[in-house]
Amino acid sequence: MTETVVTRFAPSPTGFLHIGGARTALFNWLYARGRGGKMLLRIEDTDRERSTKEAIDAILDGLTWLGLDWDGEAVYQFARVERHRAVVEEMLTAGTAYRCYCTPEELEAMREEARREGKKRLYDGRWRDRDPADAPAGIKPAIRLKAPLTGETTVDDQVQGRVTWQNENLDDFVLLRSDGTPTYMLAVVVDDHDMGVTHVIRGDDHLNNGARQTQIYQALGWNVPVFAHIPLIHGPDGSKLSKRHGALGVDAYRAMGYLPQAMRNYLVRLGWSHGDQEIFSTEEMTDAFDLPQIGRSPARFDFAKLESLNGHYMREAADIDLVGEIKRVLPHLAAGAALAAKLTPDMEAKLVAAMPSLKERAKTLVELLEGAKFLYADRPLPLDDKAAALLTVEARKLIRDLVPALAALADWTSTATEQAVRVFAEERGVKLGAIAQPLRAALTGRVTSPGIFEVLQLLGRDESLARLNDQAVQGAVPATA
RNA sequence: GCGCCCAUCGUCUAGCGGUCUAGGACGUCGCCCUUUCACGGCGAAAACAGGGGUUCGAGUCCCCUUGGGCGCACCA
């Protein structure tokens, strides 16, 4: 019988869920889901100073938006301090840990000297074998691991391979602070063990911790979980991700108009590949994802590729779903209020009807909204500079002369208007473009839009003619200098 | 300073000793389609960091150099 896979995502709630954390969560989720296992969520809130409720909410919200669900209730690490202390107590009894009475000043001096002299260990283990009777009165001790002095500690990492440390390079780190609170190193091991975690998938900034934690597992006689340390994500310039780059909360990506499925697809291909495949449905992802195919070098974050993927998923989405998606993110978009105010059922139907051509002109939901603006803009339509430049006196005259022909149409369909405009262009001896562009400017206020006859149909007879007249009238009375 | 990790087109990557005159994707640049912008189609430029080995044969294995990254707290 094979062991059920249990992974976990364990963020510390000291900030938002950033892009690296999102990918770590995704990998854990994929690995568990692809194997009928579980992904647990543990909030590492032992740093009482920096942990906040807002951060916890942002993380849960981010995971939910990305569609990464976890099994059971989230575990709050701080609630487990008693258990952590009890484990340390056991270790003390077993002799695998000891009390250290060093003062912070003493430690600081020790570190400085160690660095200056190029020593491997920063802590010299001075209380390791000292008689407890020597303990100075009135000083509360910290508890340190009695780590092996010789030999080596190796981590068999699914991504990094077999990594070995000489034990002489690892010192006796603290398990329990003098104030009785557990350190991260101890808490992680105890919690992962108690929660039955079988696979620890996390950023490779923890690779060194993997060795230290292995020593704790060994001291406790517990099974070491499978480790997989994945490379970090860097900024476009190869340096650490900064806010300027993309170290934003996932909520920022939502506000930029990216779809969760596009984010997932982008993130999964950052450091992981499956042959030449670029596009993955969720099912394909969970089926194909595995640890050994994760690369070992850090990947750079590339907005252009994310956008491209997002454009793909928008084009692929059903029109009705896309409108639903728009409605969902509206509260998160800066430009959302303008549309929210006008989103009547009628307008919604118009949006759905316009989606086929709007979606292939946009890479994000924000751009999609921008492209749809002409649908819900008020008359008289504001013209952008290019559109205004296009509406010359001649162009306005053309529009004025065209209006009666359009107004006479029995059916207001794109085929009917196209027919009328083509006939008109031919009579005037002008190319279709010469009339189509001014129409576009008058109808949308811009020089780019979906096909102009489609725009006419979408807008409807009354609105179209009114917009055309708005511009044609002015053309009839040209302001001459 | 000490420890550990990494290194193929601008970017994400395929490649697991011969099938590599190195493949795909994004981006870039052409051309086609076309009422605009897109979408779509076709095509192009673009990489094995450098040096030593091992081998009949190296992008693929080993070493060194160089260049990146991560860690080194009574933070997580």
Side-chain angles (χ1 to χ4, degrees), chain A residues 10-14 44-47 49-51 77 100 102 104 107-108 111 114-123 140-144 155 157 159-161 163-166 169-171 173-179 181-185 187-188 203-212 229 231-232 234 236 238-240 266 269-279 295-309 311 315 357-363 371 386 390 418 421-422 425 431-437 439-441 444 446-453:
Chain A
S12 61
T14 54
E44 312 222 311
D45 57 349
T46 52
D47 184 341
E49 299 288 306
R50 299 193 298 148
S51 297
Q77 192 161 58
C100 168
C102 288
L107 255 15
E108 185 55 39
R111 263 197 294 277
R115 269 181 220 234
R116 187 157 16 89
E117 296 179 6
K119 284 186 188 164
K120 319 252 187 180
R121 288 165 170 254
L122 261 25
Y123 173 71
K140 281 218 181 336
I143 316 281
R144 288 178 184 270
V155 170
D157 196 279
V159 174
Q160 308 289 340
V163 185
T164 302
W165 288 261
Q166 295 306 310
N169 294 329
L170 270 15
D171 50 17
F173 52 91
V174 172
L175 300 173
L176 200 68
R177 286 182 275 260
S178 51
D179 66 359
T181 61
T183 59
Y184 160 80
M185 215 62 79
V188 167
D204 73 7
D205 49 338
H206 285 293
L207 183 57
N208 289 284
N209 292 337
R212 299 177 205 286
H229 288 93
L232 268 16
H234 287 178
S239 64
K240 196 173 168 181
Y266 177 68
R269 281 287 288 103
L270 224 45
W272 175 81
S273 60
H274 185 61
D276 283 340
Q277 190 171 352
E278 298 285 347
I279 304 292
R296 276 134 300 168
S297 56
R300 301 183 187 202
F301 190 84
D302 180 15
F303 268 109
K305 189 145 187 176
L306 206 211
E307 279 210 342
S308 161
L309 237 18
R315 266 172 267 131
S357 53
L358 287 181
K359 68 188 181 187
E360 63 184 33
R361 291 173 167 76
K363 296 240 192 284
K386 285 178 184 170
L390 204 64
E418 174 162 7
V421 172
R422 282 190 187 276
K431 288 200 286 190
L432 189 59
I435 180 72
Q437 277 304 85
L439 277 179
R440 190 185 319 279
T444 70
R446 310 205 172 160
V447 295
T448 66
S449 80
I452 197 61
F453 305 111

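Quick note on labels: first sequence line is chain A, next is B, and so on, each numbered from 1. Just so it is clear, the model here is predicted, and its values are computed rather than measured. Note: hydrogens, waters and symmetry copies are ignored here, and every other heavy atom, side chains too, is used.
With C1' as the reference atom, B:U28 and B:C12 are 16 Å apart, rounded to whole Å. To the nearest whole angstrom, the two P atoms, one in B:C64 and one in B:C6, are 13 Å apart. Separating the P atom of B:U65 from that of B:G27 is a span of 40 Å, rounded to the nearest Å. Rounded to a whole angstrom, the distance from the P atom of B:U11 to that of B:G69 is 15 Å. Using C1' as the reference atom, B:G43 and B:C70 are 43 Å apart when rounded to the nearest Å. Comparing the C1' positions of B:C9 and B:A46 gives an interatomic distance of 5 Å, to the nearest angstrom. Rounded to whole Å, the P atom of B:C5 lies 39 Å from the corresponding atom of B:A45. Spacing between B:U19 and B:G52 at atom P, rounded to whole Å, works out to 23 Å.
In this structure, A:L309 atom CG and B:G27 atom P are separated by 10 Å, rounded to whole Å. Atom CD of A:Q77 is separated from atom P of B:A76 by 8 Å (rounded to the nearest Å). Going from atom NE2 of A:H234 over to atom C1' of B:C5 covers 11 Å, rounded to whole Å. Between A:N169 atom CG and B:C4 atom P the separation is 7 Å, expressed in whole Å. Distance, A:R212 CZ to B:C70 C1': 12 Å, rounded to whole Å. The nearest whole Å value for the distance from the CG atom in A:L207 to the P atom in B:G3 is 15 Å. Rounded to an integer number of Å, the gap from A:I279 CD1 to B:G24 P is 16 Å. A:Q160 places its CD atom 16 Å from the P atom of B:G69, with the value rounded to the nearest Å.
Note that the CZ atom of A:R422 and the CD1 atom of A:I435 stand 12.5 Å from one another [nearest 0.5 Å].
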Under a 4.0 Å heavy-atom criterion, the protein footprint on nucleotides 34-39 of chain B, written with B, S and -, is -BBBBS
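Contact between the side-chain N/O atoms of A:S178 and the OP1/OP2 oxygens of B:C74 is not found at any separation under 4.0 Å. A:R111 has no side-chain polar atom (N or O) that falls below the 4.0 Å cut-off from OP1 or OP2 of B:C2. Between A:R144 and B:C74 there is a side-chain polar atom (N or O) within less than 4.0 angstrom of OP1 or OP2.
Across every strand in view, B:G3 sits in a pair with B:C70 that passes the Watson-Crick or G-U test at under 3.5 angstrom. Across all strands shown, B:U28 is found opposite B:A44 as a Watson-Crick or G-U wobble partner, with both distances under 3.5 Å. Pairing for B:C37 is absent, with no Watson-Crick or G-U wobble pair whose two atom distances lie under 3.5 Å. B:G18 is paired with B:C56 under the Watson-Crick or G-U wobble criterion, all donor-acceptor distances under 3.5 Å.
Contact detail for A:A211 and A:V155: the closest heavy-atom pair is N-CG2, 3.8 Å. The two residues A:L439 and A:V421 make their nearest non-hydrogen contact at CD1-CG2, 4.2 Å. Among all heavy-atom pairs drawn from A:P450 and A:S357, the shortest one is CB-OG, 3.6 Å. Considering every non-hydrogen atom in both A:A441 and A:L390, the closest pair reads CB-CD2, 4.1 Å.
Residues A:H206 and A:Y184 meet the side-chain proximity criterion, which asks for heavy atoms closer than 4.5 Å. When side chains are defined from C-beta on, A:K386 does not count as touching A:T448, because their heavy atoms never get closer than 4.5 Å. Side-chain contact between A:R296 and A:Q160: present, with at least one pair of heavy atoms (C-beta onward) separated by less than 4.5 Å. Two residues are said to be in side-chain contact when any heavy atoms from C-beta on lie closer than 4.5 Å; A:L309 and A:I279 meet this criterion. In this structure, the side chains of A:L232 and A:D205 come closer than 4.5 Å at one or more pairs of heavy atoms.
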Begin from the C-alpha positions of A:V174 and A:Y123 and carry the test side chain to side chain contact (heavy atoms under 4.5 Å, CB included) through to its verdict.
CA-CA 10 Å; A:V174 172; A:Y123 173 71; over 6 Å; no
Between protein and nucleic acid, restricted to nucleotides 7-13 of chain B and to nitrogen or oxygen atoms under 3.5 Å apart, what atom pairs and distances do you find?
| from | atom 1 | to | atom 2 | distance (Å) |
| --- | --- | --- | --- | --- |
| B:C12 | OP1 | A:R300 | N | 3.0 |
| B:C12 | O2' | A:R269 | O | 2.7 |
| B:C12 | O2 | A:K305 | NZ | 3.3 |
| B:U13 | OP1 | A:G271 | N | 2.4 |
| B:U13 | O3' | A:S273 | OG | 3.0 |

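Among the atoms of the strands shown, none is found under 4.0 Å from any heavy atom of A:D171. Nucleic acid contact class of A:L176 (heavy atoms, under 4.0 Å, all strands): none. At a threshold of 4.0 angstrom between heavy atoms, the contacts of A:H229 with the nucleic acid are absent. Counting any heavy atom pair closer than 4.0 Å across all strands shown, A:T46 reaches sugar-phosphate atoms only and no base atom.
Comparing A:W165 and A:A10 by the nucleotide of RNA chain B whose heavy atom lies nearest to each, the residue mapping closer to the 5' end is A:W165. The residue among A:T181 and A:V163 whose nearest nucleotide of RNA chain B is located toward the 5' end is A:V163.
Ring-centre distance between A:Y266 and A:F301: below the 6.0 Å cut-off.
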